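The structure appears right after this line, and notes come after that.
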Amino acid sequence: MKAHIITYGCQMNEYDTHVVASELVSLGVQLVDTVEDADFVLVNTCAVRGKPVEKVKSLLGKLRKEKARRGILIGMMGCLAQLEEGQAMARKFEVDILIGPGAISEIGKALDAHDKFWDLSFRDDVNQLVAPPPKGALSAHVAIIRGCNHRCTYCVVPTTRGGVEVSRHPDLILDEVEKLKAAGVVEVTLLGQNVNSYGRDNPSYPTFAELLRLVGGVGIPRVRFLTSHPVNFTEDIVRAIAETPTITHYIHLPVQSGSDRVLRRMAREYRREDYLERIRMIRDYLPEAVLSTDIIVGFPGETEEDFAETLSLYDEVGFDHAFMFIYSARPGTPAAKHFEDMPREVKVARLQQLIEKQKAWSLEKNRRWVGREVEVLIRGEAKESGFAEGHDRGNHPVLVPGEQAKRPGLYRVRITEASPHLLFGEVTGKLYVPEPIEAASA
Ligand code: SAH
Ligand code: SF4
Ligand code: F3S
């Protein structure tokens, strides 16, 4: 059998795709790069906002035609599969295999089934799946905790990925990280909806701060983590970051809004001042920390005043970067049930204003790196012709002249110029540039 997987959504979905792909390969399935070459097409879906849902819908429409033409098998996994909205789509577009994020360990059984196979349970063995190192990759993800104990009123994730946090056994995590190191991976990102909660569900497990020290000690030169909830981002975590040299000083701490009224209606469990206090604590320990955030504009009932508070919070923190989203009412969430959505023009105008602010701050923040040397993980050629692209320890995208970094690896780079989106630099040294796989194995 030949399978092709298409992935939408966040890093957790990318990681799950990697896990499922590895399972398929171990079952003798061949992975192919296009729908045309495949007889099994698996779509890993996202449901966090309306846009990714629309994308899945149009893809499934195309796949149904392909199925009518030449009888392919269609599979659906990921967050949308867990929702009634996705299941209705699956029925309409004749999806054969439907497995929720808590049932990806069932992929083998699903392929053996001769009829439709649907599994939406949350299974314990999902956390036991061990992903082998991705071939030739310098950067990899490792899941450390699944599910979310928070109940933000706009969010589908506790429904799709489970409303109870379940930490993965630390031995499995460390084993996976050791294997990544042996395979030459130089950057590992620990993943969870809320990594800060790691270990709270099992007293015999380390805390997140302890886990950071353990993973940081393995020897992979860059260790990062996503995502943090401000409420659970405690001082022991920041101290572990400050005292573990391999952990990068890049902190993504979603704030969502600067208004206490909106934060309350979102059920974020903190106030503006609590968030600012966290930022001060981070800066105390990590004065050079690169800070990014998520912000939702146009949450139901957000007034001009509320929005102004988000803008002023932005100025108070001075984020290096922000991911900004227009509120999208998701079926089944408390916010969609109880609050009225606002006109789209208002939301779009606010987003535009926020983007202007983000650009101005990012330019100012990015300029502070000009003239300094940073470590850049070059991934390969950039879309800007003549350049190679990568990112530094602060997660800034960096471009260097292509002839200075012909192969992926870790380079020392002197930053020469900054834009709101990018840093430009010149390579001043090679830190770790492995031989290409073909040459190394020949
Ligand atoms: N667990 C993570 C990420 C959740 S989804 C966390 O709590 O940070 C990533 C981001 O998508 C959220 O931080 C939020 O900013 C945004 N988001 C989630 N639901 C949304 C919705 N219904 N409309 C718009 N943005 C949303
Ligand atoms: Fe969603 Fe909130 Fe959980 Fe993040 S913390 S996954 S936004 S419910
Ligand atoms: Fe999307 Fe699920 Fe990730 S909804 S953002 S794929 S956790």
Side-chain angles (χ1 to χ4, degrees), residues 6-17 20 43-56 76-83 85-86 100-102 104 141 143-165 190-198 225-233 251-258 262-263 265-270 275 278 292-300 302 310 319 321-337 339 341-342 344 347-348 350-351 354 358:
I6 299 161
T7 309
Y8 296 97
C10 61
Q11 285 92 342
M12 195 60 123
N13 260 15
E14 285 170 23
Y15 178 80
D16 283 351
T17 287
V20 167
V43 189
N44 192 357
T45 61
C46 172
V48 76
R49 286 172 289 275
K51 241 192 226 163
V53 174
E54 287 310 312
K55 284 189 191 157
V56 170
M76 183 170 171
M77 60 183 273
C79 287
L80 186 56
Q82 197 67 33
L83 300 178
E85 191 184 11
I104 52 173
H141 300 139
I144 63 164
I145 181 168
R146 288 179 181 268
C148 180
N149 280 0
H150 294 282
R151 293 291 180 271
C152 305
T153 53
Y154 51 79
C155 183
V156 293
V157 173
T159 307
T160 63
R161 288 197 166 265
V164 181
E165 291 162 352
L190 305 179
L191 294 182
Q193 294 315 319
N194 179 14
V195 286
N196 310 153
S197 296
Y198 180 82
F225 54 89
L226 281 173
T227 300
S228 302
H229 190 292
V231 163
N232 310 104
F233 203 83
I251 313 256
H252 180 64
L253 199 61
V255 65
Q256 314 299 359
S257 168
V262 174
L263 288 172
R265 285 157 66 94
M266 289 178 164
R268 285 293 286 180
E269 305 167 52
Y270 54 84
Y275 184 87
R278 289 284 192 252
S292 69
T293 196
D294 289 348
I295 296 173
I296 297 177
V297 299
F299 187 76
E302 181 189 75
T310 295
F319 291 106
H321 188 64
F323 301 89
M324 300 156 285
F325 308 104
I326 285 184
Y327 169 76
S328 168
R330 303 306 301 127
T333 57
K337 269 187 243 165
F339 304 139
D341 211 347
M342 69 170 76
R344 190 165 165 83
K347 297 199 270 192
V348 171
R350 286 184 190 168
L351 179 68
L354 189 60
Q358 176 265 320

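Every number for a ligand or one of its atoms is a count from 1 in the order of the listing. Here, residue 1 is the first one in the sequence, and each next residue gets the next number. All values reported here derive from a predicted model rather than from experimental measurement.
Proximity of His252 to Phe323: side-chain heavy atoms (C-beta onward) are separated by under 4.5 Å at one or more points. Two residues are said to be in side-chain contact when any heavy atoms from C-beta on lie closer than 4.5 Å; Arg344 and Ile326 meet this criterion. Between Thr45 and Met76, the closest side-chain pair of non-hydrogen atoms falls below 4.5 Å. A 4.5 Å side-chain heavy-atom check between His229 and Tyr270 finds at least one atom pair inside the cut-off. Residues Ser197 and Ile145 meet the side-chain proximity criterion, which asks for heavy atoms closer than 4.5 Å. In this structure, the side chains of Tyr198 and Leu190 stay at 4.5 Å or more apart for every pair of heavy atoms.
Residue-ligand proximity, Val48 to ligand 1, at heavy-atom distances under 4.0 Å covers atoms 5 (S), 18 (C), 19 (N), 20 (C), 21 (C), 22 (N). For ligand 1 and Gln256, the ligand atoms under 4.0 Å from any heavy atom of the residue are 12 (C), 13 (O), 14 (C), 15 (O). Proximity to Arg49 (heavy-atom distance under 4.0 Å) selects the following atoms of ligand 1: 11 (O), 16 (C), 17 (N), 23 (N), 24 (C), 25 (N), 26 (C). Close contacts between ligand 1 and Pro254 involve ligand atoms 8 (O) [criterion: under 4.0 Å to a heavy atom]. Per-residue contacts place Gln193 under 4.0 angstrom from the following atoms of ligand 3 (heavy atoms of the residue considered): 7 (S). Residue Tyr327 approaches ligand 1 through these ligand atoms, each under 4.0 Å from one of its heavy atoms: 23 (N), 24 (C).
Each salt bridge (charged side-chain N to carboxylate O under 4.0 Å, His left out) pair with one or both residues in residues 145-163, not counting sequence neighbours, appears once here: Asp16-Arg146, Asp16-Arg161.
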Query - Worked verdict on Arg268 versus Tyr154 for side chain to side chain contact (heavy atoms under 4.5 Å, CB included) - result: CA-CA 10 Å; Arg268 285 293 286 180; Tyr154 51 79; 3.4 Å; yes
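Checking only distances, Asp294 does come within under 3.5 Å of ligand 1, N or O to N or O. Every N/O-N/O distance between Arg330 and ligand 1 stays at or above 3.5 Å. Annotation: Ser228 places no N or O atom under 3.5 Å from an N or O atom of ligand 1; distance criterion only.
Annotation for Val195 and Ile144: closest pair CG1-CD1, 3.8 Å, computed over non-hydrogen atoms. Of all heavy-atom pairs spanning Pro101 and Thr160, the tightest one is CG-O, 3.3 Å. Minimum interatomic distance between Thr227 and Pro254 (heavy atoms only, all atoms of both residues): CG2-CG, 3.5 Å.
Counting heavy atoms only, Arg268 comes closest to atom 7 (O) of ligand 1 of the residues His150, Arg268, Met12. By heavy-atom distance, the residue among Lys51, His229, Gln193 lying nearest atom 4 (C) of ligand 1 is Gln193.
The shortest heavy-atom distance from Ile296 to ligand 1 is under 4.0 Å. Under the 4.0 angstrom criterion for non-hydrogen atoms, Arg161 is not in contact with ligand 2. At least one heavy atom of Ile326 sits closer than 4.0 Å to an atom of ligand 1.
Put simply, the residue from Val43, Asn44, Thr17 that forms a side-chain contact (heavy atoms from CB on, under 4.5 Å) with Tyr8 is Val43.
Neither the backbone nor the side chain of Thr333 comes within contact range of ligand 1; no heavy atom lies under 4.0 Å. Within the 4.0 Å heavy-atom criterion, both parts of Tyr154, backbone and side chain, lie near ligand 1.
The side-chain contact (heavy atoms from CB on, under 4.5 Å) test applied to Arg330 returns Ala47, Val53, Glu85, Val156, Ser328, Thr333, not counting sequence neighbours.
Between the side chain of Gln358 and the backbone N or O of Ala322, no donor-acceptor pair lies under 3.5 Å. A donor-acceptor distance shorter than 3.5 angstrom exists from the side chain of Glu302 to the backbone of Gly298, with no hydrogens or angles considered. Although no hydrogens or angles enter the test, the distance criterion places a donor-acceptor pair under 3.5 Å between the side chain of Arg278 and the main chain of Val231.
Less than 2.8 Å away from atom 2 (Fe) of ligand 3, the protein contributes these N/O/S atoms: Cys79 SG.
Only protein atoms were considered; those of element N, O or S under 2.8 Å from atom 3 (Fe) of ligand 2 number 1.
If you check which protein heavy atom lies closest to atom 7 (S) of ligand 2, you get Tyr154 OH, 3.4 Å.
For the atom pair CG (Leu253) and OG (Ser228), the distance works out to 6.0 Å, reported to the nearest 0.5 Å.
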